[in-house]
Amino acid sequence: MSGASDFPSLPSGLASDTLAVQGGRQAYPYHALTAPVVLSAPFVFRNAEEVDAFVQAKRQGQTPFREYGRYGNPTVEAAERHLATLEGAEAALLFASGMSAITTALLVLLPPGSHLVLTQDMYRRTREFVGTWLPRLGVRHTIVPPGDHEALRTALRPETRLLFSEVPTNPYLRVPDLERMVALARRQGALVAVDATLASPVNLRPLDFGVDLVFHSATKYLGGHHDLLAGVVAGHEELIQRLREAMGVLGGVCAPQTAFLLIRGLKTLGLRVAQHNRNGQAVAAFLEGHPAVERVWYPGLPSHPDHVVARRQMKGFGGVVSFVLKGGLDAARQFLDALRIPLLGPSLGGVESLVMLPALMSYTNLSAEQRAALGIPDGLVRLALGIEDTEDLLQDLAEALAQVGV
Ligand code: PLP
């Protein structure tokens, strides 16, 4: 599909709400306003001469088109340009899932013998990949608590190639200070990557703080409707090109239909995230004042350990609120069953509110003691608030908590 040059270029300094709508615009075939879905797996040549011209262009670093869907697709590339604009990045690369983006990037960035620093409280499958798969390739890692700069300084070594953190983390919504992390990593020549899934680019643009690569599970806020699985990484062109080449081998490509749904979702990202933020803030404040609740974790609350950093770095704090019920697992189960609006399930960032109990779901194979050692108490509830009316959600939560025997 042709470039955006046919349209007036967008003014600089646009708000993320505008970029979410307009950021991907380009002149499509048929004068279409929205991105056509191109389903062809191969892209064909009209004759041998065209093959010669294609090969020649590739040698000169140009890509007139990509000859096979694993190396690129016009609809997927339209979504990538849209996402790069939103992140303020030179380039972005879409994958079949957030995990595919993370695993592919870690394989590329961490050669045998290298070292990785990870912050605690990362998505459990990311930790699993780092803890059980990377050691097979001779890659070691150190885990540091988010916000502990002394531990980070000690963990960084000459062979450290990457510092990788979530911002905010999951489930405790910790918000590390990105500029300090970048400054420490630079001293060792390490890159900094951030998984900003829980923030979305509306609330946080990590590249503006000097971070090298930003990841998202696009399954969450970016898609926003619980109807697609995708992942994205954005950053410097040269880094993204290395990842693109690896994806051509590892094969975790995003399907064109998924890319179309993602572009469609992106256009309402600003509106949706504003309502997620409103719901998150209101519900967190309500829960903090409730007698059945022991503790609430939400970066928009002054009681959160990273509130000051979060206010400086983020424009809003999202729809995920974690809290611990005083009555432990029994109370948490009663609470889940009493809720009438949020449905019980994993994931976050979609229009429907979801609720999950880590002890019952992600960490069910561990004993209560093992969970406690990992910092997952049995009364911990993670609410992933959607975009329903705030008062309706508050009332539903109040009624469900009234049924909890504490
Ligand atoms: N990163 C974070 C913070 C997540 O919460 C998840 C999934 O829950 C992932 C990455 C993985 O993304 P996906 O499910 O799209 O593979």
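Order of appearance sets the numbers: ligands from 1, and atoms from 1 within every ligand.
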Checklist entry - With a cut-off of 4.0 Å, which atoms of ligand 1 are near a heavy atom of Asp195? => result 1 (N), 2 (C), 3 (C), 10 (C)

Next on the checklist: Pairing donors with acceptors under 3.5 angstrom, does anything connect the side chains of Glu245 and Gln241?
Outcome noted: yes

Checklist entry - Of the protein's non-hydrogen atoms, which lies at the shortest distance from atom 11 (C) of ligand 1, and what is that distance? => result Tyr123 CE2, 3.6 Å

Checklist entry - What do you reckon, are the aromatic ring centroids of Tyr298 and Phe323 less than 6.0 Å apart? => result no

Next on the checklist: When you compare ligand 1 with Met99, is there at least one nitrogen or oxygen pair between them that comes in under 3.5 angstrom?
Outcome noted: yes

Next on the checklist: Could you check whether Tyr123 and Phe129 have their ring centres less than 6.0 Å apart?
Outcome noted: no

Checklist entry - Between His276 and Ile387, is any pair of side-chain heavy atoms under 4.5 Å apart? => result yes

Next on the checklist: So does Val144 get a backbone contact from the side chain of Thr119, meaning a donor-acceptor N/O pair under 3.5 Å?
Outcome noted: no

Next on the checklist: Please state which option from Arg125, His216, Lys220 has its nearest heavy atom closest to atom 8 (O) of ligand 1.
Outcome noted: Lys220

Next on the checklist: I'd like to check which ligand 1 atoms, numbered from 1 as shown, lie under 4.0 Å from a non-hydrogen atom of Ala230.
Outcome noted: 15 (O)

Checklist entry - What do you reckon, does Gly98 have a nitrogen or oxygen under 3.5 Å from a nitrogen or oxygen of ligand 1? => result yes

Next on the checklist: At less than 4.0 angstrom from any non-hydrogen atom of Glu166, what atoms of ligand 1 do you find?
Outcome noted: 3 (C)

Checklist entry - Numbering the atoms of ligand 1 from 1, which are under 4.0 Å from a heavy atom of Ser97? => result 15 (O), 16 (O)

Item to check | Intermediate values then yes/no, side-chain hydrogen bond (donor to acceptor under 3.5 Å, both in side chains), Glu399 and Gln395 | outcome: CA-CA 6 Å; Glu399 284 171 12; Gln395 187 169 345; 3.1 Å; yes

